[in-house]
Every structure is written in structure tokens, then in C-alpha cells.
Q: 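Sharing a structure with you now.
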Amino acid sequence: MAMNRKPLKIVLTGAPSSGKSSTMRELQRVFGDQVALVPESAVVLLSGGFPAPQHGDVEQIRAFQKAILQVQAGLEQIIPRQHPLAKVYIFDRGSLDGAGFWPLGAEDFLKQFGLTRENEFAKFDHVLFMELPSPEAFGGVNQLRFHDYQQSKQSEDQLRETWGSHPGFKEIKAQATLEEKTSLVVGLVRSLLNKA
């Protein structure tokens, strides 16, 4: 009798405008019920009317990050219970992603919010990190986005520093088109599914 395998948990991360949202939609289209997608906590909050913090105001950012962490913890519990048959859970960001947007740096973020890389790394089997496109290709249609290219680049550097030592870290480099980059992620997920 075959034993049920534990579902894979993958976090998809990267700076704003790296293509995560488009990639999440494509993963759902390609894999259907095999995957359960966990939405980005910040987008859940912003689309529900939570005010976006002003850049440089640490107290506004602190309040926003605190709310994100609460929503993230809830999503990490609820989504797997709602999709018990999924083979893969794909998270649009994890709790450590807040370090990419914390103005005092990644180490201070961990200290301020009582997180450790060890505990957060243990939640995920794989980390797929999407590199930003060139400045010319930067942008998109996400109306909730409030970062310019320089801010996104700074977030990218901090996110790479934060997640880069995860044993399942894989960086997806910028390609000529978003479709090509998305295709690389789909291929990686397909490979991981086949090995699971």
C-alpha cells in the first residue's frame, strides 16, 4: 500500500514587479487542483482597504508588517486545511519577505518581529526567487504597487540576502519576456512535482 506523501511547500518570492502575480496565475492554469495557491498577505490587506505605509515612516511600516505577519500566519493554517488533496502549496511570499521592505535591514527585521531564519526556512521545501526585469521592462498593471525601480531593487537585494541561504533556494533570472521567465518557473514546479 503506497504511503501518502507530504505535500511540497514552495515560496515564490522576489521584488515588486518581478512577475510573481502573473506566474501564480499561470501555475494555477497549468496545474489546476494539483496546486493550492496562498495569496500575498500584503495584497490581501491592501485590497481590503488597509492603507499602504509611506516610505521612510518606520512606525507605519512596522504596523503594516505586523498586520502582514498575522495574516500570513492565518493563511499558512487555513489554505492547507481547505485544500487537503493538493500536492503542492505555493505561497506568494513568506513571513521572511518583510525583511525585503524593512528600512532598517534584514537582521533588524528578524529582531524586531521575533523571527529566525531557521524557523521560517523550515516551513518551506523550496524557495523560488524571481529576479527583477531590466529598468526598461519594469512596471506592470498592479494598481496596488507603490514601489519605483530603485526601491524594488533595494528590496530585491534584501530578499536575496534573507532567503539565499535556504537549502532549496533557486533564482530565476530575468528573461527577454515575462512569459519566458514564467515558463521557467512552471518547468521547475513540474520537475518538483514529478519528484514528489
Side-chain angles (χ1 to χ4, degrees), residues 1-48 68-100 117 119-133 140-145 155-156 159-160 162-164 166-175 177-196:
M1 183 178 197
M3 293 183 64
N4 291 331
R5 291 182 181 272
K6 184 179 175 183
L8 287 175
K9 291 187 177 180
I10 299 171
V11 62
L12 187 66
T13 186
S17 286
S18 60
K20 291 187 304 89
S21 298
S22 298
T23 300
M24 292 287 275
R25 287 191 294 271
E26 182 66 5
L27 288 167
Q28 186 71 78
R29 187 191 72 77
V30 171
F31 297 109
D33 292 340
Q34 292 185 85
V35 302
L37 304 183
V38 183
E40 181 180 352
S41 299
V43 172
V44 170
L45 287 166
L46 293 169
S47 61
I68 286 173
L69 290 171
Q70 290 174 333
V71 171
Q72 182 73 28
L75 289 171
E76 288 175 2
Q77 292 180 24
I78 291 170
I79 298 297
R81 293 183 68 84
Q82 290 189 344
H83 301 275
L85 301 180
K87 295 181 179 178
V88 182
Y89 297 109
I90 302 178
F91 294 76
D92 188 341
R93 300 201 183 283
S95 295
L96 284 182
D97 275 66
R117 283 187 178 85
N119 289 343
E120 298 306 313
F121 281 7
K123 294 179 181 179
F124 303 105
D125 302 296
H126 302 279
V127 177
L128 304 183
F129 181 91
M130 298 185 71
E131 184 185 44
L132 275 172
V141 296
N142 188 341
Q143 296 179 353
L144 297 173
R145 184 168 293 118
S155 291
E156 178 177 71
L159 287 166
R160 188 182 283 111
T162 301
W163 285 111
H166 187 287
F169 181 88
K170 174 71 175 174
E171 182 162 350
I172 295 89
K173 295 290 188 182
Q175 303 294 311
T177 66
L178 176 58
E179 290 75 18
E180 290 176 73
K181 185 160 63 168
T182 296
S183 179
L184 290 175
V185 177
V186 169
L188 280 170
V189 172
R190 180 175 285 114
S191 175
L192 293 171
L193 262 171
N194 290 338
K195 293 175 183 175

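Note that the numbering runs from 1 along the sequence shown for the chain. On a predicted model such as this, the values are computed, not experimentally measured, just so you know.
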Q: Report the distance from atom CG of L75 to atom CD1 of I68, rounding to the nearest 0.5 Å.
A: 11.5 Å
Q: State, to 0.1 Å, how close G94 and V11 come at their nearest heavy-atom pair, and which atoms those are.
A: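 Between these two residues, the closest heavy atoms are N-CG2, 3.4 Å.
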Q: What orientation do F121 and W163 show, parallel under 30°, tilted 30 to 60°, or perpendicular over 60°?
A: parallel
Q: With sequence neighbours left out, write down each residue that passes side chain to side chain donor-acceptor pair (under 3.5 Å) with S22, or none if nothing qualifies.
A: R25
Q: Look up atom CG in L128 and atom CG in L184, then write down how far apart they are to the nearest 0.5 Å.
A: 11.0 Å
Q: Starting at CD1 of I10, measure out to CG of L27 and round the result to the nearest 0.5 Å.
A: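 If we round to the nearest 0.5 Å, I10:CD1 and L27:CG are 8.0 Å apart.
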Q: Can you name the residues that form a side chain to side chain donor-acceptor pair (under 3.5 Å) with S183, not counting sequence neighbours?
A: none
Q: For residues 181-196, which residue pairs qualify under salt bridge (charged side-chain N to carboxylate O under 4.0 Å, His left out), counting only residues two or more places apart or in two chains?
A: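 Non-adjacent pairs meeting salt bridge (charged side-chain N to carboxylate O under 4.0 Å, His left out): zero.
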Q: Mind checking whether E171 and R160 have side chains closer than 4.5 Å, heavy atoms only?
A: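 When only atoms from C-beta onward are counted, R160 and E171 do touch, with a gap below 4.5 Å.
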Q: Do V127 and T13 come within less than 4.5 Å of each other through their side chains, counting heavy atoms only?
A: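 The answer is yes, as the side chains (C-beta and beyond) meet within the 4.5 Å cut-off.
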Q: Report yes or no: does S95 contribute a side-chain atom to a donor-acceptor pair with the main-chain N or O of L69 at less than 3.5 Å?
A: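 Side chain of S95 to backbone of L69, a donor-acceptor pair under 3.5 Å: no, none is there.
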Q: Taking all non-hydrogen atoms of both residues into account, name the closest pair between Q72 and S41 and its distance.
A: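 Where Q72 meets S41 most closely, the heavy atoms are OE1-OG, 2.9 Å.
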Q: Find the distance between CG (L193) and CD (Q34) and round it off to the nearest 0.5 Å.
A: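 Nearest 0.5 Å value for the CG-CD distance: 5.5 Å.
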Q: Does some side-chain heavy atom of L159 sit less than 4.5 Å from a side-chain heavy atom of D97?
A: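 The answer is yes; the side chains approach within 4.5 Å.
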Q: Is it the case that more than 12 heavy atoms not belonging to D33 sit under 6.0 Å from its CG atom?
A: no
Q: Tell me, please, which residues at least two apart from K123 pass side chain to side chain donor-acceptor pair (under 3.5 Å).
A: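 Expected list: E76, E120.
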Q: At their closest point, which heavy atom of L178 faces which heavy atom of S18, and how far apart are they?
A: CD1-O, 4.5 Å
Q: Which atoms form the tightest heavy-atom contact between Y89 and P80, and what is the distance?
A: OH-O, 3.4 Å
Q: Using 0.5 Å steps for rounding, measure from the CG atom of D92 to the CE atom of M24.
A: 4.5 Å
Q: Work out which heavy atom in V186 is nearest to a heavy atom in F31; give both atom names and the distance.
A: O-CZ, 3.6 Å
Q: Donor-acceptor pair, distance only, cut-off 3.5 Å: does the side chain of H126 make one with the backbone of L188?
A: no
Q: Is there any salt bridge (charged side-chain N to carboxylate O under 4.0 Å, His left out) pair reaching into residues 36-45, and which pairs are they, with sequence neighbours excluded?
A: K20-E40, E40-R93
Q: Enter the distance from T23:OG1 to M130:CE here, rounded to the nearest 0.5 Å.
A: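 Interatomic distance, T23 OG1 to M130 CE, rounded to 0.5 Å: 3.0 Å.
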Q: Checking Q77 now: which residues fulfil side chain to side chain donor-acceptor pair (under 3.5 Å) with it, not counting sequence neighbours?
A: none
Q: Please name the pair of heavy atoms, one in P133 and one in S17, separated by the smallest distance, quoted to 0.1 Å.
A: CD-O, 3.2 Å
Q: Taking the side chain as everything from C-beta on, heavy atoms only, tell me whether V35 gets closer than 4.5 Å to Q28.
A: yes
